Colleague: 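I'd like to ask you about the structure that follows.
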Amino acid sequence: MTETIAAHLDTITQYAPIWGFLLIFIFMTIESSFIPFPSEVVMIPAGFLAFKHQLTTGNPWMDSAIAVLVGVSGSLAGAYINYYLALKLGRTFLHRYGKYFFLKEETLDRAEEIFREYGELATFVCRLLPAIRQLISIPAGLARMNLKSFTFYTGLGAGIWVLILTAIGGYFGHLTQDMTYVQMIEQGKAIIARNYGWILLGLVLFVAAYLYVHHKVMKRKNA
């Protein structure tokens with residue numbers, strides 16, 4: 001799918017100076033919902049175009065910052081779709097009919113298992129993990145997770161991911177003039193794969209800090 005979409009980016013990016021941010025929002029909303037859509041084909045080209053002065057303002061740093069904000073907003077919009085669909089439709093409906101909407105039963109079971117084990121923290125951590133990134137919003141809706149907490153942890157995780165992809169695109173924008181979108185996305189994915197250990201290390205440190213602070217707060221409350 002990634003290669004198919006990337007092959008059409010030359011046509012889509014012709015509209016980037018006027019409609020670029022709207023397109024980022026729409027595609028990231030789709031990516032963050034239950035519809036399978038790779039975020040790499042959205043945010044890496046967005047960073048690239050920003051540093052080629054081909055987005056709305058022509059200022060690479062401003063365009064990159066706006067692209068990140070819009071990308072996170074789209075991610076939250078897609079996550080809200082999953083959250084409220086799960087909240088309204090319920091577990092039985094999703095497990096019975098989800099397969100018709102790209103939601104395999106075993107994937108839903110795995111998302112629920114992770115959420116039951118790690119709770120609200122899972123909505124942050126899973127935004128940085130492949131395959132489960134979008135679907136963790138569904139068990140959050142089924143569990144009626146507090147919406148403010150859901151928004152905070154989802155936005156935090158999505159923000160880090162969007163920032164990483166945009167930065168990779170910006171790096172390519174500085175690096176070269178001659179690169180197809182397919183090459184850009186494939187090389188961007190390779191960079192992420194080579195450095196994924198650092199992302200995981202950051203997640204481990206964050207979780208450890210979270211658990212430590214949570215333990216301290218609970219200890220004070222009990223005292």
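Count residues from 1 along the sequence. Everything numeric in this text was worked out from a predicted model, so none of it was measured.
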Colleague: Please report the interatomic distance OG1(Thr166) to CH2(Trp161), rounded to the nearest 0.5 Å.
Modeller: 11.0 Å

Colleague: When rounded to the nearest 0.5 angstrom, what is the spacing between CE in Met184 and CD in Glu40?
Modeller: 13.0 Å

Colleague: Hey, is the main chain of Asn82 close enough, under 3.5 Å, to the side chain of Ser137 for a donor-acceptor pair?
Modeller: no

Colleague: Should the heavy atoms of other residues, nucleotides or ligands under 6.0 Å from CD1 of Ile18 be counted, would the total exceed 12?
Modeller: no

Colleague: Minimum heavy-atom separation for Gly20 and Leu55, please, with both atom names.
Modeller: CA-CD2, 4.2 Å

Colleague: With rounding to the nearest 0.5 Å, note down the distance linking CZ in Phe172 to CD1 in Ile185.
Modeller: 10.0 Å

Colleague: Using the rule that two of Ile, Leu, Val, Met, Phe, Trp, Tyr join whenever any of their side-chain heavy atoms come within less than 4.5 Å, decide whether Met62 and Phe51 are in one cluster.
Modeller: no

Colleague: Taking distance alone, no hydrogens or angles, what donor-acceptor pairs closer than 3.5 Å link side-chain atoms of residues 190-204 to residues at least two apart or in another chain?
Modeller:
{"from": "Asn195", "atom 1": "ND2", "to": "Ile191", "atom 2": "O", "distance (Å)": "2.8"}
{"from": "Tyr196", "atom 1": "OH", "to": "Leu128", "atom 2": "O", "distance (Å)": "2.1"}

Colleague: Return the set of residues passing side-chain contact (heavy atoms from CB on, under 4.5 Å) with Thr123 (not counting sequence neighbours), or none when no residue passes.
Modeller: Phe115, Ala140, Met145, Phe150, Tyr153, Thr154

Colleague: Tell me whether Leu156 shares a hydrophobic cluster with Ile164, the cluster being built from Ile, Leu, Val, Met, Phe, Trp, Tyr side chains joined at under 4.5 Å.
Modeller: yes

Colleague: Determine, using the 4.5 Å side-chain heavy-atom cutoff (strictly less than), whether Leu49 and Leu23 are members of one ILVMFWY cluster.
Modeller: yes

Colleague: Taking C-beta and beyond as the side chain, do Ser75 and Arg127 meet within less than 4.5 Å on heavy atoms?
Modeller: yes

Colleague: Can you check whether Thr180's main-chain N or O pairs, donor with acceptor, with Gln183's side chain at less than 3.5 Å?
Modeller: yes

Colleague: In the structure I gave you, are the side-chain heavy atoms of Pro60 and His53 within less than 4.5 Å of one another anywhere?
Modeller: yes

Colleague: side-chain contact (heavy atoms from CB on, under 4.5 Å) with Val72: which residues, sequence neighbours excluded?
Modeller: Val68, Leu76, Val162

Colleague: Any side-chain donor-acceptor pair under 3.5 Å between Arg133 and Ser32?
Modeller: no

Colleague: Would you say the side chain of Val42 lies within less than 4.5 Å of the side chain of Ile24, judging by non-hydrogen atoms?
Modeller: yes

Colleague: Is there side-chain contact between Tyr181 and Ile44, with at least one heavy-atom pair below 4.5 Å?
Modeller: no

Colleague: With no hydrogens and no angle check, just 3.5 Å: does a side-chain donor-acceptor pair link Thr57 and Asp63?
Modeller: yes

Colleague: Can you name the closest pair of heavy atoms from Gly141 and Leu87 and give their distance?
Modeller: O-CD1, 3.5 Å

Colleague: For Pro45 and Val41, work out which heavy atoms get closest and say how close.
Modeller: CG-O, 3.4 Å

Colleague: Is it the case that one hydrophobic cluster holds both Leu69 and Trp19, taking links as side-chain heavy atoms less than 4.5 Å apart, direct or via other members?
Modeller: no

Colleague: Quick one: are Ile138 and Tyr83 in side-chain contact, heavy atoms under 4.5 Å?
Modeller: no

Colleague: Looking at every heavy atom in both Pro17 and Thr56, which two are closest together, and how far apart are they?
Modeller: O-OG1, 3.2 Å

Colleague: Does the side chain of Tyr80 reach to within under 4.5 Å of the side chain of Thr151, using non-hydrogen atoms?
Modeller: yes

Colleague: Are Leu165 and Ser39 close enough that some pair of their side-chain heavy atoms sits under 4.5 Å apart?
Modeller: yes

Colleague: Nearest 0.5 Å please: distance from the CE atom of Met43 over to the CD1 atom of Ile168.
Modeller: 11.5 Å

Colleague: Rounded to the nearest 0.5 Å, what separates atom CG in Leu85 from atom CG in Leu142?
Modeller: 10.5 Å

Colleague: Rounded to the nearest 0.5 Å, what separation is found between the CZ atom of Phe152 and the CG atom of Leu147?
Modeller: 14.0 Å

Colleague: Could you check if a side-chain atom of Ser33 sits within less than 4.5 angstrom of a side-chain atom of Gln134, using non-hydrogen atoms only?
Modeller: no

